[in-house]
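Only this structure's heavy atoms are used, side chains among them; waters, hydrogens and symmetry mates stay out. Quick caveat: nothing in here was measured; it's all calculated off a predicted structure.
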Amino acid sequence: MSLWRHRDFLSLWAGQSISEIGSAVTKLALPLTAVVVLDASPFEVGLLTAAATVAFIVVTLPAGPIVDRFPKRTIMIICDAARLLIIGSVPVAWYVGLLGIGQLYAVALAAGACTVFFDVAYQSYVPAIVARDQLADANGRLTTTQELAELTGPGLGSVLVGMIGVAGAMIADAASYLVSLVALTRIRHREPRRPSPPPGRAGRRSRMRAEIAEGMRFVLRHPILRRVVACSATSNLFSSMATAMQVLFLVRVLGVDPAVTGLLLAAGALGGILGGVLSGWLARTVGSARIIWLSILVFGMPQFVAALAHPGWSVVLFPIGFGLSYFAIVSFNVAVVTYRQTVCPPELLGRMNAAIRWVVWSTIPVGGVVAGVLGTAVGIRPTLLVACLGTWAAGLWVFFSPLRRMRDFAGEPQVTGVAER
């Protein structure tokens, strides 16, 4: 059956897409609320931004066992309902005159935690509702809408603020989670509930630690997954360095007008959307295994031209270079998500996805710090070149692995949690 006629997948896709847009709008709407409504200081806004991302490190590992233990559709619905109430509390508090910066910190933390659970759940749910040979196309579509949300979310947030004000934008943001929730309730597929942990607080803590360790052990002992994780973590480290330098490079080195800066960044991000659209076709044409290393080392090789841009016509090298980088990264991401959904037993998917996300996300804040230190020491352009080189070289982790001798993953057996111990 075509994915376009697959009711459950279309409902999941709609819910995921709207939820991703809501999360992207929140990234802009919350700081704007702090600045416009509460006249927050730069330090307070910085803390608010940090609060929105701290859940990615703190909550991700515990999210894995919980997602594996309970029906994933139910978790996604609960997360949408929670974010509806959490984000909706901001305009309500503003209306009655009780809104403060402390509430915004709490909203950022709680909404971030819900986003972690939602993301781990939907990635672990896809193999349960689509056939194995449809995974690449399904993940490609989900990744495309994720990239679109990242691209259009801040702009949509700005438009909403301009049209209906900050409070109105927060109301619209909260409403997006209601729409997502309704879409998810249309999914007919139901999962069996997993066994409950031993009774008692000590038993639950012990079981939680054991389950987290099981997911991490599965990843680290798998001969291919551990290489993929090393590649992703390395790529995220250097990509984060590049992201930290992008605006500085455009404004201070290339002398680009601030209004044009956003357009150039958006033009580069289009490469990621194209990568998501073509990912399924590339996996079938090149090979579902081969595309993992080829995407980074071949498609991503020309990304260096971004750092070679100079004032004048060569500014176009910047979106070209980063467009190719985003194309390569998204093609890689779709391929590896599909692979890990294929090779991991269903009862371990949540813990495996959470373990991988925790490892690969932990390098992102490090990259920003390294970029700041290196940019101060050697300059913006050299730092951007180092970032591009590191992002490309991350592909060597998967090139020097069993993947180099494989074309496809078809027929590879799942590795059970017991065998990995």
Side-chain angles (χ1 to χ4, degrees), residues 11-40 44-56 59 75-122 142 144-186 262 265-266 269:
S11 297
L12 174 65
W13 191 14
Q16 176 259 2
S17 301
I18 299 165
S19 182
E20 292 282 3
I21 291 172
S23 297
V25 171
T26 301
K27 290 179 183 178
L28 177 73
L30 269 184
L32 273 178
T33 301
V35 172
V36 175
V37 178
L38 301 179
D39 194 26
E44 289 173 326
V45 175
L47 283 182
L48 185 61
T49 302
T53 57
V54 71
F56 295 162
V59 181
I75 290 175
M76 290 186 285
I77 290 174
I78 291 173
C79 288
D80 275 340
R83 286 184 289 187
L84 168 64
L85 297 175
I86 292 165
I87 301 298
S89 73
V90 175
V92 171
W94 170 81
Y95 182 76
V96 299
L98 297 176
L99 183 64
I101 192 67
Q103 179 179 345
L104 293 189
Y105 291 150
V107 165
L109 286 166
C114 290
T115 297
V116 169
F117 275 93
F118 186 96
D119 288 353
V120 172
Y122 93 73
L142 292 166
T144 299
T145 53
Q146 185 179 30
E147 293 294 317
L148 276 170
E150 290 293 329
L151 177 62
T152 62
L156 178 59
S158 298
V159 171
L160 288 172
V161 170
M163 292 177 59
I164 56 180
V166 173
M170 294 300 293
I171 293 173
D173 187 11
S176 71
Y177 295 114
L178 176 61
V179 178
S180 173
L181 185 156
V182 171
L184 294 173
T185 59
R186 290 174 52 82
L265 292 173

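Minimum interatomic distance between Cys79 and Cys114 (heavy atoms only, all atoms of both residues): SG-O, 3.4 Å. When all heavy atoms are compared, the tightest approach of Leu38 to Ile101 is CD1-N, 3.5 Å. Scanning both residues, Ala183 and Ser11, for their nearest heavy atoms gives O-CB, 3.4 Å. Scanning both residues, Met170 and Pro91, for their nearest heavy atoms gives CB-CD, 3.9 Å. For the residue pair Leu104 and Leu48, the shortest heavy atom distance occurs at O-CD1, 3.4 Å.
Judged purely by distance below 3.5 Å, without hydrogens or angles, the side chains of Thr145 and Gln16 pair a donor atom with an acceptor atom. With no hydrogens or angles considered, a side-chain donor-acceptor pair links Thr115 and Arg83 at under 3.5 Å.
In terms of the side-chain contact (heavy atoms from CB on, under 4.5 Å) criterion, residue partners of Ala113 (sequence neighbours excluded) are, by chain and number, Ala55, Val59. Take Leu84 and apply the side-chain contact (heavy atoms from CB on, under 4.5 Å) test, not counting sequence neighbours, and it matches Ala174, Tyr177, Leu178. Partners of Leu184 under the side-chain contact (heavy atoms from CB on, under 4.5 Å) rule, at least two apart in sequence or in another chain, are Leu12, Met76, Ile77, Asp80, Phe118, Ser180, Ile187.
Atoms CG and CD1, on Asp173 and Ile86 in that order, are 11.5 Å from each other to the nearest 0.5 Å.
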